[in-house]
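For reference, the structure discussed in these notes is given below.
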Amino acid sequence: MHTVEVATPGGAYPIHIAAGRLGALAQAIPADATTIALVTNPVVDALYGERVRAALATTGRRIVPVILPDGESHKTLDTLNRIFDVMLGEQLDRRTVIVALGGGVIGDMAGFAAAVYLRGVRFVQVPTTLLAQVDSSVGGKTAVNHPLGKNMIGAFYQPIAVEIDTDALNTLPDREISAGLAEIIKYGLILDDAFFAWCEQNVGGLRAREPDLIATAIRKSCEYKAWVVSRDERESGLREILNLGHTFGHAIEAGLGYGAWLHGEAVGCGLVMAADLSAELLGFAPAEVVRVRTLVAAIGCPVSGPRLGGVDQWMTLMRGDKKTRDGEITFVLMPCIGEAVRRGAPAELVARVIERNTR
Ligand code: NAD
Ligand code: GLY
C-alpha cells in the first residue's frame, strides 16, 4: 500500500492507495463514530455496495445507505437535500461519519453535505473513478452546480481520509478512464515535464489499465495534488494552477449542458486550448502545443471544442469562472511544459484560440 499525506489548515489526513482497499475500509472509521452514512449511487452500489457494507459492518456501527441519482445533471441542491432528508429522518448525530463511495459527483456532494450537516460532520472519500482517485477526492473542494455555473455553491472541507481501491477501476467504462487521464497529464503540464514525458511513453498501458502503471499514475497525481493543496488550501494563489484547461473546459460543460461531455473530456480539450493560448501569449513552443494535442488525442479525449453560440458565448461562459476578477478572466498558462502561471489575456488572442480550436 502507498500512503500520501495531506496537511492543510483545515485538516491533515492520509490517502491510502492499494488494490483491494475497499475490504479494509473499517480502518478509516474513527472509534468514536456513532453511525455511518454511506452515500453512493445505484451504479456504484450495484458494483461495490455489498462489499463496502460488509467491510464497514465490522465496525459494529449502524450503516445508513443514501442512494442518490447518478450523473452530473443531478449534482444539484435538490439532490443534496435528499442526503439531509435521509440523515435527519434517521436522526443521525454529530458523530456520524459520511462515507462517499463513487466518482467526483458523489464525492463533491457528500463532502458538501458533511460540511454543513449539523454544521459539520466527518467524512471519508472512497473514490471509484480514475478522475476522483487522482483529483476530486483530494483537497477538500466540495460543491454542487447551479444553472448559472458549475460548482458555484460549495465549501472547502477536508475529509478525514481518502481510501483508494485501484481494483475499482476494472469496472469503469473506457471513456471514464480517458477522462481521468486528462487530469493526470495536467499534473505533468503544470509541475513536472518528466512526468508528462512518462505519460507520453506509457499512454497505451495506462489506457489498458496496466496495474503497475495505473498505480504509479495515481500515486504521483496524489503527491502533486497534496503538495499544492497543502500550500494553498483555499485557492488564494498557487492552487489555481490545478485549473489548467478548466476555464475553457467549464465553458464547454456549461455551454453544452452538464453531462453532455464528461468533465475530464472538457478538461482534456481545455488543455489543448490552454497550450495554444500559451503559445500566443507566452512563447510556449508550437512543437509543444503539438505534443499536448497528440497526448490528449492519445488518451482518448476530444482535441477540438464545440462552436457553441460563437466566441461571444464562449467569453460569457468563461467570465463565469471562479478565477474571474472584476470581469477579467484569469487563465492558467504554461511558459513551458512543467510550469504554470496565472494571467489575463487580450480578448482578441482568446478569440483566435477559440476560433482555431472549435468546430
Ligand atoms: P462521476 O462521478 O459522474 O462518475 C462517472 C460515472 O462512473 C458515473 O456514472 C458513476 O456512477 C460511474 N462509476 C463510478 N465508479 C465506477 C466504477 N468503479 N465502475 C463503473 N462505473 C463507475 O464523474 P467523475 O469523472 O468521477 O467526477 C466528475 C465530477 O468531479 C465533476 O462534477 C467535477 O466537477 C468534479 N470534480 C471535482 C474536483 C474537486 O476538486 N472536488 C476535481 C475535479 C472534478
Ligand atoms: N481540481 C482543482 C482543485 O482541486 O483545486
Side-chain angles (χ1 to χ4, degrees), residues 6 8 22 39-49 51-52 67-76 79 100-112 115 125-145 149-152 154-159 162 164-184 186-187 190 209 221-222 224-226 228-229 231-247 249-250 253-254 258-259 261-268 301 322-323 332:
V6 185
T8 71
L22 289 183
V39 181
T40 189
N41 69 35
V43 173
V44 180
D45 188 46
L47 291 165
Y48 301 107
R51 200 178 314 166
V52 166
I67 311 287
L68 305 178
D70 184 26
E72 183 75 34
S73 62
H74 295 288
K75 193 179 169 186
T76 61
T79 310
L101 175 68
V105 169
I106 288 292
D108 281 14
M109 282 197 290
F112 190 23
Q125 287 276 18
V126 187
T128 58
T129 64
L130 183 58
L131 184 138
Q133 295 186 350
V134 300
D135 188 358
S136 64
S137 64
V138 177
K141 276 191 184 176
T142 74
V144 294
N145 299 328
K150 190 170 160 59
N151 294 332
M152 284 297 171
F156 288 99
Y157 192 70
Q158 302 294 337
V162 180
I164 296 178
D165 187 340
T166 50
D167 282 348
L169 301 179
N170 294 335
T171 53
L172 208 57
D174 286 342
R175 199 177 155 196
E176 302 286 349
I177 294 288
S178 297
L181 287 171
E183 299 281 11
I184 289 172
K186 175 192 77 180
Y187 293 112
I190 58 176
R209 309 169 204 211
S221 299
C222 287
Y224 295 124
K225 181 132 190 200
V228 171
V229 301
R231 277 157 188 76
D232 179 20
E233 179 189 22
R234 289 186 164 244
E235 200 165 284
S236 47
L238 173 70
R239 186 168 178 167
E240 286 184 347
I241 67 172
L242 295 174
N243 286 317
L244 179 74
H246 286 56
T247 309
H250 283 169
E253 288 186 271
Y258 299 122
W261 281 29
L262 301 180
H263 174 72
E265 291 173 333
V267 168
C301 283
K322 286 189 278 311
K323 292 188 298 303
V332 180

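First listed ligand is number 1; within each ligand, the first listed atom is number 1.
- Here the closest non-hydrogen pair linking T142 and D108 is CB-O, 3.5 Å.
- Of all non-hydrogen atoms in T128 and L101, the two that sit nearest each other are CG2-CD1, 3.8 Å.
- Panel note: side chain N151, backbone N145; no donor-acceptor pair is recorded below 3.5 Å.
- Between H250 and H263, the angle of the ring planes lies from 30° to 60°, which puts this pair in the tilted group.
- Using a 4.0 Å heavy-atom criterion, the residues that approach ligand 1 are N41, V43, V44, L47, Y48, D70, E72, K75, G103, G104, V105, D108, T128, T129, L131, D135, S136, K141, K150, N151, A168, T171, L172, E176, K225, H263.
- Here the shortest heavy-atom pairing between V126 and L22 reads CG1-CD2, 3.5 Å.
- C301 approaches G268 most closely through the heavy-atom pair CB-CA, 4.4 Å.
- Listed here is the closest heavy atom pair of L131 and A179: CD1-O, 4.0 Å.
- Q133 and A168 get closest at one heavy-atom pair: NE2-CB, 4.5 Å.
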With the criterion set at N/O pairs under 3.5 Å, what does the list of contacts between the protein and ligand 2 look like, atom names and distances included?
residue, atom, partner, partner atom, Å
ligand 2, 1 (N), D135, OD1, 3.1
ligand 2, 1 (N), D135, OD2, 3.4
ligand 2, 4 (O), K225, NZ, 2.5
ligand 2, 4 (O), R239, NH2, 2.8
ligand 2, 5 (O), K141, NZ, 2.8
ligand 2, 5 (O), R239, NE, 2.7
ligand 2, 5 (O), R239, NH2, 3.4

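- Y48 and T40 share no donor-acceptor pair across their side chains, judged by distance under 3.5 Å alone.
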